Asks: 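Have a look at this one.
No hydrogens, no waters, no symmetry mates; every other heavy atom, side chains included, goes into these values. Since the structure is predicted, the reported quantities are computational estimates derived from the model, not experimental observations.
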Number of protein chains: 2
Amino acid sequence: MLKRTRDIQKALSESGYRITQPRQAVIEVILRARRSLSPEEILARARKIDPGVGLATVYRTLDVLHAEGYLERVRIGNKGYTLTCTEKTLHFHLICERCRTVTELQSDRFSRDLMAQLRAAGFEARKHAIEIIGRCAKCQPSE
Amino acid sequence: MLKRTRDIQKALSESGYRITQPRQAVIEVILRARRSLSPEEILARARKIDPGVGLATVYRTLDVLHAEGYLERVRIGNKGYTLTCTEKTLHFHLICERCRTVTELQSDRFSRDLMAQLRAAGFEARKHAIEIIGRCAKCQPSE
DNA sequence: GGTTTATTGAGAACGATTCTCACCAAGGCC
DNA sequence: GGCCTTGGTGAGAATCGTTCTCAATAAACC
Ligand SMILES: [Mn+2]
Ligand SMILES: [Mn+2]
Ligand SMILES: [Zn+2]
Ligand SMILES: [Zn+2]
């Protein structure tokens, strides 16, 4: 089991959630993934750890992780893929539409500028989703 | 009929689309709206102009407008609301989760910075969705 | 007006997500 | 360790938004 899996479990436990087999499996799967996964993909991988897991529980666990701030939902096209996220600060996602890898980026200048704009507009931000969709460096159309 | 409705109709017509009653109604509804609307809301309003319009046609017209660059889909929560958009350049959306108003903002500094980051990452951007979710100036919790 | 053919409305079909409910097991307590 | 309480679970039904199907319609062009 990954160290970060234990960290998240401990935090969930302290928030009053029970650490069940299915939850452990789902968390482990998401942390191990190199790219964002759909709920169905998470289910398939989780079943290799705990064969009995059900799809509804995958959705429920995603909700828990989202509510506790350990997971973001990122969309590619109409499909709802998911992604772990450690960052709490303003950052953005480069989503490769070919390999589905999600790269997280940050920029202080970017953040400062955005904050200033929000203040000017009198807008109180609660959350953000900054997604740039295209091709990552590895997936450029060769030519 | 709004002038901009006629402009869009003319452009669609020149692209080979037929200017039908339902399409006219949907375009007019979206342009008149002060906030983003769901497909169901668009249907309800379009039926006040042309009572026979069907839901499938609303979806189809949204697809056409999207394909022709006259409309963006913006999500609030899980629901897919829609919005007209004139801007072609990099810009972002301030989405009020209370009144659903979508404000479009732009910033040259922001754009330049983002472009630089993308270049550094070797990422080829095709489209973007920059959404800040929260409360607009009018919807601040009083006090 | 007549012809062609893209577009339409109604309802069926679909896929993703959520709900229901009887059963189960995590975690606190002795 | 065993017992109890109750939150969590799996299976399948239900729901919801969206897409599809197809016969009927009406734009657009002559
Ligand atoms: Mn992130
Ligand atoms: Mn826009
Ligand atoms: Zn890629
Ligand atoms: Zn508002």
Asks: Kindly say whether B:Ala11 contributes a backbone atom to a donor-acceptor pair with the side chain of B:Glu14 at under 3.5 angstrom?
Replies: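 Between the backbone of B:Ala11 and the side chain of B:Glu14 there is no qualifying donor-acceptor contact (under 3.5 Å).
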Asks: Closer to the 5' end of DNA chain C via nearest nucleotide, is it A:Arg60 or A:Glu40?
Replies: A:Glu40
Asks: Does the distance from a Lys or Arg side-chain N to an Asp or Glu carboxylate O, for A:Lys127 and B:Glu97, drop under 4.0 Å?
Replies: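 Between B:Glu97 and A:Lys127 there is no salt bridge, as every charged N stays at least 4.0 Å from the carboxylate O atoms.
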Asks: Just to be sure I understand the rule, does A:Gly16 reach a base, reach only the sugar-phosphate, or reach nothing, if contact means heavy atoms closer than 4.0 Å?
Replies: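 Answer is nothing: A:Gly16 stays at 4.0 Å or more from every strand.
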Asks: Please tell me whether B:Glu131 and A:His128 have a donor and an acceptor in their side chains that are separated by less than 3.5 angstrom.
Replies: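 No - no donor-acceptor pair under 3.5 Å links their side chains.
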Asks: Among C:dT18, D:dA11, C:dG11, which nucleotide sits nearest the side chain of A:Asp63?
Replies: C:dT18
Asks: Evaluate the side-chain proximity of A:Glu68 to A:Tyr17: yes if any heavy-atom separation is below 4.5 Å, no if none is.
Replies: yes
Asks: In whole angstroms, how far is the P atom of C:dA16 from the CG atom of A:Leu37?
Replies: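 Distance check: A:Leu37 CG to C:dA16 P gives 15 Å.
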Asks: At how many degrees, to 10°, do the end axes of the helix from C:dG1-D:dC30 to C:dC30-D:dG1 meet when each uses five pairs?
Replies: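 Here the helix ends are tilted 50° relative to one another.
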Asks: Compute whether any side-chain donor of one residue and acceptor of the other, for A:Glu72 and A:His66, lie under 3.5 angstrom apart.
Replies: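 Distance-only check fails for A:Glu72 and A:His66.
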Asks: Answer with base, sugar-phosphate or nothing: what part of the nucleic acid does A:Arg23 contact at a heavy-atom distance below 4.0 Å?
Replies: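 Here A:Arg23 touches the backbone only, sparing every base.
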Asks: Please encode protein proximity along nucleotides 22-30 of chain C as a string of B, S and -, counting only heavy-atom distances under 4.0 Å.
Replies: ---BBS---
Asks: Less than 4.5 Å apart, any side-chain heavy atom of A:Phe92 and any of B:Gln117?
Replies: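 They are in contact (side-chain heavy atoms under 4.5 Å apart), so the answer is yes.
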Asks: Under 6.0 Å from the CZ atom of A:Arg109, do we count more than 12 heavy atoms belonging to anything else shown?
Replies: no
Asks: If I take atom CD in residue B:Glu14 and atom P in nucleotide D:dA28, what distance separates them, rounded to the nearest angstrom?
Replies: 12 Å
Asks: For the pair made of CG in B:Leu62 and P in C:dT8, what is the distance, rounded to whole Å?
Replies: 12 Å
Asks: Using the side-chain heavy atoms of B:Tyr59, tell me which of these nucleotides is nearest: C:dG9, D:dG17, D:dG10.
Replies: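 It is D:dG17.
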Asks: Between D:dA27 atom P and B:Leu12 atom CG, what is the distance in whole Å?
Replies: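 So the CG-P distance, B:Leu12 to D:dA27, works out to 15 Å.
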Asks: What is the separation between atom CG on A:Leu55 and atom C1' on D:dA14, rounded to the nearest whole Å?
Replies: 14 Å
Asks: Is a side-chain N or O of B:Asp50 found less than 3.5 angstrom from the main chain of B:Ala25, in a donor-acceptor match?
Replies: no
Asks: How many angstroms lie between CZ in B:Arg23 and CZ in B:Arg18, if you round to the nearest 0.5 Å?
Replies: 9.0 Å
